Structures are given as structure tokens and as C-alpha cells.
Amino acid sequence: MSRFLSEKHKDLVPYTPGEQPKILNLIKLNTNESPYPPAPQVVAAAEEEAGRLHLYPDPTCSALCEAFAARVGVEPEEVIAVNGSDEILNFAFMAYCDGKTPALFPDITYGFYSVFAQLNGVPYEEIPLTASLEVNPQDYKNVGKTVFLANPNAPTGIALPLEVIEEIVASNPDNIVVIDEAYVDFGGESCVALIHKYENLLVTQTFSKSRSLAGGRLGFGIGCKALIQDLNTLRYSTNPYNINRMTMAAGVATLRFDEITARNCRNIRETRQKTGEALKNLGFEMTDSSANFLFVKHPKADGKLIYEKLRERNVLVRHFDKPRICQYNRITVGTEEQMEILIQSLKEILEEIL
Ligand SMILES: *Cc1c(COP(=O)(O)O)cnc(C)c1O
């Protein structure tokens with residue numbers, strides 16, 4: 001740290017992204033990307049746009065917002081395109097939390113929420129998940145705080161049903177409820193339609209997971225027009241050109257060929273099911289995941305040791321050094337072939353250490 005850094009950021013502990021290793025031939029199951037590359041039509045659209053990189057992109061993102069709005073069944077004025085959904089989450093902390101209105105989220109959830117709270121100087125409260133790592137909906141009703149819930153949650157993958165989300169939103173009419181639907185396409189129920197009923201609901205989605213564009217950085221916020229106006233005020237006050245030309249073109253093309261997304265999601269759910277069974281046969285226990293990852297532990301083998309032994313075999317998963325979940329590993333659902341290598345590696349590791 002230099003001696004010039006503002007007092008207000010001296011204690012900021014940044015988010016630690018999952019490792020993005022440079023080693024080739026690594027089976028990368030640590031950051032929940034899609035194992036399927038973007039469709040050729042999407043790559044072609046981005047390539048074509050590369051020839052216009054000397055010009056600023058459209059700050060209104062109109063073509064992209066229209067296509068996305070049509071896809072999720074809302075008006076273009078009810079969506080905002082952002083540079084990865086991390087950006088909209090930051091805007092939500094900026095816009096809807098302060099000393100009077102703290103943020104509220106589970107103790108075990110997406111690690112960025114507490115970082116954004118700190119960055120924006122916002123007080124926050126973390127509510128412990130239950131012993132079975134579930135959200136207790138009662139904890140989020142009528143709370144007088146800005147609620148942040150990932151649904152399905154990360155890293156557990158456990159989803160809340162739509163009725164429960166609606167109850168939480170309805171019980172907090174004077175506070176914003178942010179529902180982070182990063183993993184919704186893998187088996188959750190989206191609450192987007194509720195934005196027409198509740199002016200306090202903001203939904204966030206991303207193209208990083210189900211739509212194979214993690215490297216393009218594209219996400220969306222969906223809410224009533226007044227909320228989207230607030231968020232656009234912040235966007236135009238930070239970076240009006242937040243979506244670059246190639247990503248914008250790739251996003252539009254992805255939505256045009258969205259049956260590919262649906263097929264990829266079906267494959268991932270099938271592979272999740274099969275992999276879960278194979279892991280259970282090896283003695284692993286896991287949460288009931290509706291996401292593109294499995295959150296697993298073995299009653300007889302240490303979580304960190306399994307992580308390290310997998311890494312020695314060039315299989316990279318995510319381990320969190322947090323007290324309640326340090327026995328677990330989060331494993332992204334990859335291709336069938338990747339999962340076969342994972343299972344074979346775990347079999348060998350268990351034979352070695354048990
Ligand atoms: C991956 C993820 C995001 C954001 O991803 P972006 O790449 O910034 O769109 C947001 N929330 C959760 C829970 C995630 O896992």
C-alpha cells in the first residue's frame with residue numbers, strides 16, 4: 001500500500017477471484033464457467049465487430065437490451081446491461097444501501113457482497129445459513145435492510161422456490177430486495193416476472209455461466225423502470241461505455257441462437273446428475289444443487305487435502321478456507337469427459353489417503 005491511498009480504502013480486503021491458471025491441460029472446474037465455448041455464430045459476430053473497434057460502442061446498448069428484454073418477457077426500459085453482473089451488484093450497493101439502510105445477506109454466499117459493502121462504506125449484517133446450509137426465509141422478511149440473495153445460492157447451489165422469493169419481496173415493501181440469478185438457468189425458478197408486481201425487486205443475471213461468455217463480461221439488471229433509471233444514473237456516472245462492441249455483438253448473437261444455451265443447460269443438468277451419483281458411490285455427501293456445480297464433502301477425507309491432491313493431478317476445483325465450509329469443495333460441472341477424469345482421480349486419491 002502506498003502512503004497516498006485514501007483513509008477510506010485502507011482496510012479494504014479485495015475479492016479473491018478463483019484462480020485463472022496459465023497451465024494448459026488443466027481440468028478447470030473452479031470458477032463455474034461453461035465447459036462449452038460460444039457458438040460459431042457468436043464468435044463470428046464478435047469478430048465482425050472487431051473491425052469497428054476504433055469507434056465507441058452504443059452507450060444505450062439498445063439492440064442488446066431489446067433482445068434481452070424480449071427474451072425474459074419485459075420492456076427494454078426494464079433492463080440495464082452491465083459489464084458482468086458484478087457491476088450491477090456494485091451499483092445496487094451504491095444506490096440502495098447506506099448508514100440508514102444496511103445490507104443483509106447470508107454468511108455463506110457469493111463472496112463479493114461483503115466486498116462491495118466495504119468498498120461503498122455500507123454497514124452489513126450476515127445471517128448464518130441453517131446447519132444444513134439452507135437459507136431460512138423468515139430471516140429475510142420485514143427486515144428494514146437491503147436484502148441480497150443469490151438464488152440458487154453459491155456455493156451451495158440450493159434454490160428457494162418462487163413463492164418464497166415472492167414472500168420475501170412482498171414483506172419488505174420499503175426496501176430493495178436483490179435476487180442474484182447467476183445460476184438460475186441450471187434449474188432454479190426465475191422471479192423476473194415479479195418485477196411488474198413489486199417496485200422493490202431487482203433481479204440480476206449473467207451471461208458468464210449458462211451463456212458461455214465469462215470472458216466477454218456481460219450481465220443484466222432487471223427491475224421496474226424507476227430502478228433501472230437509478231442504476232443508469234450510476235452507470236453514466238461511472239462508465240457509460242461499459243459494454244464493449246465485441247461483447248455487445250456476441251450478446252445479441254447469443255440471444256438469437258439461444259436454443260444452444262438451452263441445450264447446453266440440459267447437458268449440464270444431466271452431467272450434474274450423473275456426477276452426483278458417481279460421487280455418492282465414492283462416499284461423498286453433497287447439497288442439493290440446482291446450479292452448474294456440486295458442493296461436496298467426504299466424511300472421512302479432509303476437504304483441503306482433497307483439493308490439493310486433485311490439483312497435483314491437474315484437476316482444479318474451488319476450496320474455501322472458511323470455518324463452516326472448509327470440509328467442502330465446489331466442483332464446476334464440466335463435460336462428461338472432464339467428469340470421468342474427476343471421478344477417476346478422486347477414486348485414486350481416496351484409495352491413497354483412506
Ligand atoms: C459468477 C457470479 C456472479 C457474477 O458473475 P459475472 O461474471 O460478473 O457476471 C454473480 N453472482 C454469483 C452468485 C456468481 O456466482
Side-chain angles (χ1 to χ4, degrees), residues 14-20 28-35 38 61 64 68 72 79-93 103 105-117 119 126 129 133 135 147-160 165 177-188 190-192 202-222 231 235 238-239 242-244 247-248 250-251 254-255 261 265 268 272 287 289-295 317-318 320 322 325 328 330-333:
Y15 178 70
T16 316
E19 191 185 348
Q20 305 299 345
K28 191 174 178 310
L29 308 173
N30 68 330
T31 49
N32 299 340
E33 291 134 317
S34 175
C61 288
L64 180 56
F68 183 73
V72 298
V79 306
I80 176 175
V82 282
N83 193 301
S85 59
D86 290 339
E87 187 172 48
I88 190 78
L89 292 167
N90 188 29
F91 287 165
F93 277 90
F105 41 83
D107 63 336
I108 296 162
T109 188
Y110 188 38
F112 229 138
Y113 301 157
S114 57
V115 177
F116 284 139
L119 174 65
E126 293 173 298
L129 294 182
L133 302 182
V135 167
V147 173
F148 290 81
L149 280 176
N151 191 40
N153 196 14
T156 63
I158 299 172
L160 288 173
I165 295 291
V177 175
V178 179
I179 302 296
D180 176 348
E181 296 191 334
Y183 299 106
V184 75
D185 297 331
F186 303 107
S190 177
C191 66
V192 163
L202 176 66
V203 187
T204 67
Q205 293 191 358
T206 176
F207 277 34
S208 295
K209 276 80 185 222
S210 61
R211 289 194 169 93
S212 302
L213 281 185
R217 312 305 301 126
L218 181 60
F220 287 91
I222 309 124
L231 296 159
R235 184 172 71 89
T238 5
N239 183 9
N242 61 336
I243 312 293
N244 73 73
T247 295
M248 216 180 291
T254 300
L255 290 164
T261 302
C265 290
I268 287 168
R272 178 179 74 208
T287 53
S289 174
S290 298
N292 67 337
F293 54 81
L294 290 159
F295 197 50
V317 299
R318 188 88 193 256
F320 299 90
K322 263 188 110 171
I325 53 172
Y328 283 86
R330 191 192 68 192
I331 305 173
T332 305
V333 176

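Everything numeric here is computed off the predicted structure, so don't read it as measured data. For ligands, and for the atoms within them, numbers begin at 1 and follow the listed sequence. Residue numbers start at 1 and run along the sequence shown.
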Note: Gly251 and Leu218 closest approach over all heavy atoms is CA-CD2, 3.8 Å

Pairs of nitrogen or oxygen atoms, one from ligand 1 and one from the protein, closer than 3.5 Å: please tabulate them with distances.
from     : atom 1 : to     : atom 2 : distance (Å)
ligand 1 : 7 (O)  : Ser208 : OG     : 2.6
ligand 1 : 7 (O)  : Arg217 : NH1    : 2.7
ligand 1 : 7 (O)  : Arg217 : NH2    : 3.2
ligand 1 : 8 (O)  : Ser85  : N      : 3.2
ligand 1 : 8 (O)  : Asp86  : N      : 3.1
ligand 1 : 8 (O)  : Asp86  : OD1    : 3.4
ligand 1 : 8 (O)  : Asp86  : OD2    : 3.1
ligand 1 : 8 (O)  : Arg217 : NH2    : 2.8
ligand 1 : 9 (O)  : Ser85  : N      : 2.7
ligand 1 : 9 (O)  : Ser85  : OG     : 3.0
ligand 1 : 9 (O)  : Thr206 : OG1    : 2.5
ligand 1 : 9 (O)  : Ser208 : OG     : 3.4
ligand 1 : 11 (N) : Asp180 : OD1    : 3.3
ligand 1 : 11 (N) : Asp180 : OD2    : 2.6
ligand 1 : 15 (O) : Tyr183 : OH     : 2.5
ligand 1 : 15 (O) : Lys209 : NZ     : 2.9

What about the rings of Phe105 and Phe112, do their centers lie closer together than 6.0 Å?
-> no

* Asked: Which class fits the ring pair Phe293 and Tyr183: parallel under 30°, tilted 30 to 60°, perpendicular over 60°?
  -> perpendicular

Minimal heavy-atom distance between Ser290 and Pro152, with the atoms involved, is O-CG, 3.8 Å

Only one of Asn32, Asn292, Asn30 passes side-chain hydrogen bond (donor to acceptor under 3.5 Å, both in side chains) with Thr332, and that residue is Asn32

Check: How about Phe220 and Phe207: are their ring centroids closer than 6.0 Å?
Finding: yes

